[in-house]
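Note that the numbering runs from 1 along the sequence shown for the chain. Counting starts at 1 for both ligands and their atoms, following the listed order.
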Amino acid sequence: MPYIGCHLSASKGNLAMVRMAQSIGADTFAFFTRNPRGSKAKPEDPQDCAAAMQALEEGGFGPLVAHGAYTMNLCTADPEARGFAASVLMDDLRRMAALPGQYYNFHPGSHVGQGVEAAVDQIAAALKRAMEPGYPVTVLLETMAGKGSEVGGTFQELKMILDAVGRDDLGVCLDTCHVYDGGYDIVEDLDGVLAQFDQVIGLDRLKALHLNDSKNPFASHKDRHECIGKGSLGLDTFRKIMAHPLLKDKPMILETPNELPGYQAEIGLLRSL
Ligand code: FE
Ligand code: FE
Ligand code: ZN
């Protein structure tokens with residue numbers, strides 16, 4: 001059985017998130033390491049981190065899947081902004097060390113006209129530098145919908161980054177809405193898409209999933225999340241995902257348009273599948 005959870009607000013601290021997760025039946029969760037649209041991070045609280053780690057263990061949680069800020073674009077064309085994004089990544093990974101063993105997922109970025117190859121080099125350079133100290137965190141590249149000049153809309157692009165970085169503690173988080181919007185038909189052929197992932201990237205690199213239905217049709221390259229079972233993926237697709245032997249034991253994070261009660265209901269729904 002996969003671990004299931006949702007995005008939670010980090011404003012009350014890490015232990016509060018663990019308790020909030022437990023109150024809605026989650027055994028993993030996601031949180032933004034800093035304001036998702038800005039760059040400010042809360043000061044660290046080692047006692048809160050230690051208490052949260054203990055509560056995670058006692059509660060039988062799977063790995064958490066922290067999320068980097070949307071604004072962190074490691075392959076933006078402006079060198080100064082790019083350098084700032086790289087320093088944000090570095091700071092995020094350093095801060096994740098207070099919660100050892102968890103995952104940190106982020107959007108590879110948008111190349112804004114520079115082209116994929118230049119972008120891959122820039123993303124890889126930032127990752128190499130930020131991961132160099134060897135913090136106890138597994139970093140995940142999110143599969144993207146391929147909106148605009150987004151990098152990571154194909155398994156091949158993610159593989160380019162993985163190869164350029166060349167580290168075992170770098171993996172992939174598969175977002176169900178993004179891959180479907182991106183042209184991977186997990187509705188008609190989940191097995192085929194996973195086989196493709198294995199062929200191009202290797203399933204050993206698949207560490208986590210984002211569970212979202214999609215407001216848009218197949219290959220629309222749009223990225224608009226819908227509640228589970230209410231969009232173009234449909235409940236049957238999530239039934240297959242929940243039962244899939246290659247996906248068991250992975251943390252799965254809901255990023256659907258919900259408040260806590262809605263998340264609680266979706267977690268219950270997914271477990272009942
Ligand atoms: Fe994301
Ligand atoms: Fe996502
Ligand atoms: Zn999305």
Original post:
Which of the N/O/S atoms in Glu142 sits closest to the Fe ion (ligand 2)?
Top reply: OE2

**OP:** Indicate if the distance from the Fe ion (ligand 1) to the nearest N, O or S atom of Cys173 falls below 2.8 Å.
**Re:** no

Subject >> Test ring pair (Phe, Tyr, Trp, His ring centres under 6.0 Å) applied to His7 and Phe32, Phe31, Tyr263, the passing residue >> reply: Phe32

Original post:
Is any N, O or S atom of Asp175 under 2.8 Å away from the Zn ion (ligand 3)?
Top reply: no

Subject >> N, O or S atom of His225 closer to the Zn ion (ligand 3) than 2.8 Å >> reply: yes

**OP:** Could you grab the angle centred on the Zn ion (ligand 3), going from OD1 in Asp223 to NE2 in His178, to 10°?
**Re:** 90°

**OP:** State, without any angle test, whether Asn258 and Thr256 hold a side-chain donor-acceptor pair at a distance under 3.5 Å.
**Re:** yes

Subject >> By side chain to side chain donor-acceptor pair (under 3.5 Å) - contacts of Gln156 (at least two apart) >> reply: none

Original post:
Does Cys177 bring an N, O or S atom to under 2.8 Å of the Zn ion (ligand 3)?
Top reply: no

Subject >> Salt bridge present between Glu266 and Lys230 (N-O < 4.0 angstrom) >> reply: no

Original post:
In terms of side-chain heavy atoms, does His221 have a donor or acceptor partner in Glu150 at a distance below 3.5 Å?
Top reply: no

Original post:
Quick check: does His107 have an N/O/S atom under 2.8 Å of the Fe ion (ligand 1)?
Top reply: yes

**OP:** Take the Fe ion (ligand 2) as the vertex and measure to ND1 of His210 and OE1 of Glu255; round to 10°.
**Re:** 80°

Original post:
Is there a donor in the side chain of His225 and an acceptor in the side chain of Asp223, or the other way round, less than 3.5 Å apart?
Top reply: yes

**OP:** Would you sort out whether His178 and Asn212 count as a side-chain hydrogen bond (donor to acceptor under 3.5 Å, both in side chains), showing the intermediate values?
**Re:** CA-CA 8 Å; His178 296 178; Asn212 303 304; 5.3 Å; no

Subject >> Asp175, N/O/S atom nearest the Fe ion (ligand 2) >> reply: OD2

